[in-house]
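When a residue number appears, it is its place in the shown sequence, counting from 1. Model, not experiment: these values are computed from the prediction.
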Amino acid sequence: MQAMKYLKHTLYAAVAALAVTTACTGDFEEYNTNPNKLTQGSITPISMLEPLLYSATNSFDNYMLAIANEISQVTVAKSTPRREHCYNLSNQNFQQIWNLCYKWAKNADHMYDLAVEQNQPNFQAIGLTLKVYYMSICTDMFGSVAYTEALKGDEGNLKPRIDSQKEVYEAMMADLETANSLYNPSQEMEDPAKDAIYAGDITKWQKFTNTLHLRLLMRVSGRNDAFNPTVGDRIRAIIDNPTTYPVFTSNADNATVKFSGTATYYRNYFNTTTFPNDTSLSGDHHVASQFLGMIYNAETGFADPRMYVWIKPRYVNNEIREMVGALSGCTIEFNSNSIRSDKEPYLHYETLVRDTNPNRLLDYDELLFIKAEAAMKGWIGGSAQEYYEAAVTASCEKWNEYGQYAAYPVLNASGEVVLSTVSIGSKEIAAFLASDEGKWDGTEQRLAEQKWLALFWVVGFQMYHEMRRTGYPECMTGEGTVDLGYTDGKFIARYAYPQIAIANNRANYEAAFVEQGATLNDNNMILPVWWSGQAVAKDAGTPWEHSFRHNIIADESQIE
């Protein structure tokens, strides 16, 4: 019976996956196929964990490069048909992420059901945590979505109610509370080798659950008083009670999916077969001026120590070219300027493309940034500056591990280009924290921008979410966003619902739009999600003073 039930759920996942196609997937399905396929006699929760970690996170890696980095102004696509940085996104793009979120949430939900039936409370907790993780991406991208009545198609509910985003967050946080109460570290995990994150360490899984809870709370912190208890009270309850709510305490707790590289299935999406050279990674994704400008200043000589691991300048023979960032949202003509384009840096291939690189879901540095912001708001005790400096330090130390694989071009004493490894030690970190660009200045902007940088290469559109929540970093787009007209030149506020989702459940979506003071005609990329800074300001009757909502467009004729 259980095997047949699982096979039915697998079919749902397969149907959803059919719609998940993109021009840059390449041989992705080959890297998404588990060699240890389930048999009808082996359906246990642990059997579902590998695909929920390996396959799911690799799926989101694909969209991190193709879309998330583009709309977050980290990279700029150079090929004419693409232009995601101009928000050239279609229903197909929306449906791809929609399908992924619900597909993997459904699989996590089934893990939970199996764990209930087989009396495995730790896997009940893990199933709930992973369901919330994938559904949080969904609601953050789309806004109001089905949650409380979702994932019940096999029970006949094909037209679930669309929960408001507040209701979704309340339900997700309730699930995480339940998960936290279920963990029993004294019960060992069977076959811990299948746990690609914590190798069976239940205590660390519990830390992941509660740290994810804090991420969700800070995401809706602009709506503090809409919750009872308030967001601030809930954050304090977790932080002040580490015995009941253990959270990350070091980078050793980071929720990272680890790959052995021993077989195709156990390789990171960014592997050396799919991406054989730096052009395959970054030839169509040059580093954006927004990102470059925050980690490098040619005039002052400033360089964030993580820059040498994240990106690298172009070089030919013994000439290292000046670094000039690509302009997000620019026109085709501007983007085709070969003189400028040849100076635009690449992502750092040698550090970012490795068969055994982990997929990062949630890290210790993010927790520390959350603590710093909570301290600034007066919600928890402690020094915001100390939390901030600890967060930057954790981020630098995390990326230092990648430095041994770096191939950063430098000139030697003979004027020849040599490729160097990178070290981010205590000296480099101290210098950064003392610099004008990195030191604590007590502002929301400094905190938000450094958190944004620390979220680089984290799965799930996290940089994009934070931009809409805080308004930082301040952004400027090129004239291409106006030419295409998808957002009237403004920063993309959300993903539109897939057409098939509305067609199959029209009445409930109409009601969801009415609740937001809108109609189905507002199913676009302009209507902001409920927790965003823009929506909070609008409901308060105050302007949101951030550049990318002011339709500020770069004058491309004035840019060299």
Side-chain angles (χ1 to χ4, degrees), residues 72-73 211 214-215 217-225 230-236 238-240 247-248 290-291 293-297 300-307 363-399 424 426-456 462-463 465-476 531-534 536-537 540 542-550:
S72 301
Q73 300 200 355
T211 305
L214 288 172
R215 171 192 275 179
L217 284 165
M218 191 54 73
R219 187 66 40 82
V220 295
S221 59
R223 300 287 189 176
N224 180 48
D225 294 331
T230 65
V231 171
D233 287 342
R234 296 185 192 198
I235 289 177
R236 183 168 57 254
I238 294 175
I239 297 298
D240 287 353
V247 296
F248 292 168
Q290 171 65 53
F291 187 60
M294 293 176 65
I295 58 177
Y296 174 72
N297 187 321
T300 64
F302 165 75
D304 186 310
R306 296 165 294 185
M307 180 198 76
D363 290 332
Y364 177 53
D365 53 13
E366 184 175 349
L367 170 70
L368 291 168
F369 280 115
I370 290 170
K371 286 186 173 183
E373 186 171 350
M376 280 187 70
K377 295 178 184 295
W379 291 345
I380 65 171
S383 164
Q385 178 175 352
E386 289 180 5
Y387 288 135
Y388 166 83
E389 291 176 348
V392 172
T393 298
S395 177
C396 289
E397 290 175 345
K398 173 182 74 178
W399 283 103
I424 309 175
S426 57
K427 178 180 178 181
E428 289 78 16
I429 297 172
F432 175 62
L433 287 172
S435 69
D436 290 340
E437 293 81 0
K439 67 183 178 184
W440 173 252
D441 62 5
T443 66
E444 293 180 358
Q445 180 173 358
R446 175 55 52 87
L447 176 60
E449 290 183 347
Q450 284 301 316
K451 182 181 181 182
W452 184 78
L453 287 172
L455 290 170
F456 174 72
Q462 297 306 316
M463 298 177 85
H465 302 328
E466 283 295 292
M467 293 170 81
R468 292 176 295 152
R469 182 179 76 88
T470 69
Y472 297 110
E474 298 281 7
C475 297
M476 183 175 292
W531 53 248
S532 68
Q534 182 193 3
V536 171
T542 58
W544 199 44
E545 300 296 338
H546 290 283
S547 63
F548 57 66
R549 301 313 307 174
H550 287 189

Looking at every non-hydrogen atom in both residues, tell me the closest pair between [X] and [Y] and how far apart they are.
X	Y	result
L447	A372	CD1-CB, 3.8 Å
A391	L368	CB-CB, 3.5 Å
T470	A448	OG1-CB, 3.8 Å
I380	R236	CG2-CA, 4.0 Å
A384	M376	CB-CG, 3.6 Å
E373	S221	OE2-OG, 4.2 Å

Value rounded to 0.5 Å, distance of [atom1] in [X] from [atom2] in [Y]:
X	Y	atom1	atom2	answer
M218	W531	CE	CH2	13.0 Å
N297	D304	CG	CG	12.5 Å
I295	R306	CD1	CZ	8.5 Å
W440	R446	CH2	CZ	9.5 Å
D365	Q450	CG	CD	11.0 Å
L214	F369	CG	CZ	15.5 Å

Between N224 (side chain) and T230 (backbone), is there a donor-acceptor pair under 3.5 Å?
no
Is a side-chain donor or acceptor of T211 paired with a backbone partner of F248 at a separation under 3.5 angstrom?
yes
Any non-hydrogen side-chain atom of [X] less than 4.5 Å from a side-chain atom of [Y]?
X	Y	answer
L367	Y364	yes
Q462	R219	yes
L217	I238	yes
V536	R223	yes
C396	E428	no
Y387	I370	no

Measure up the F291 and W452 rings against each other and bin them: parallel (under 30°), tilted (30 to 60°), perpendicular (over 60°).
perpendicular
Got a sec: does the CD of Q445 have more than 12 other heavy atoms crowding it under 6.0 Å?
yes
Under the criterion side chain to side chain contact (heavy atoms under 4.5 Å, CB included), I'd like the reasoning laid out for W379 against I239: C-alpha separation, chi angles, the key distance, then a yes or no.
CA-CA 10 Å; W379 291 345; I239 297 298; over 6 Å; no
Without hydrogens or angle criteria, can the side chains of E389 and Q385 be said to hold a donor-acceptor pair below 3.5 Å?
yes
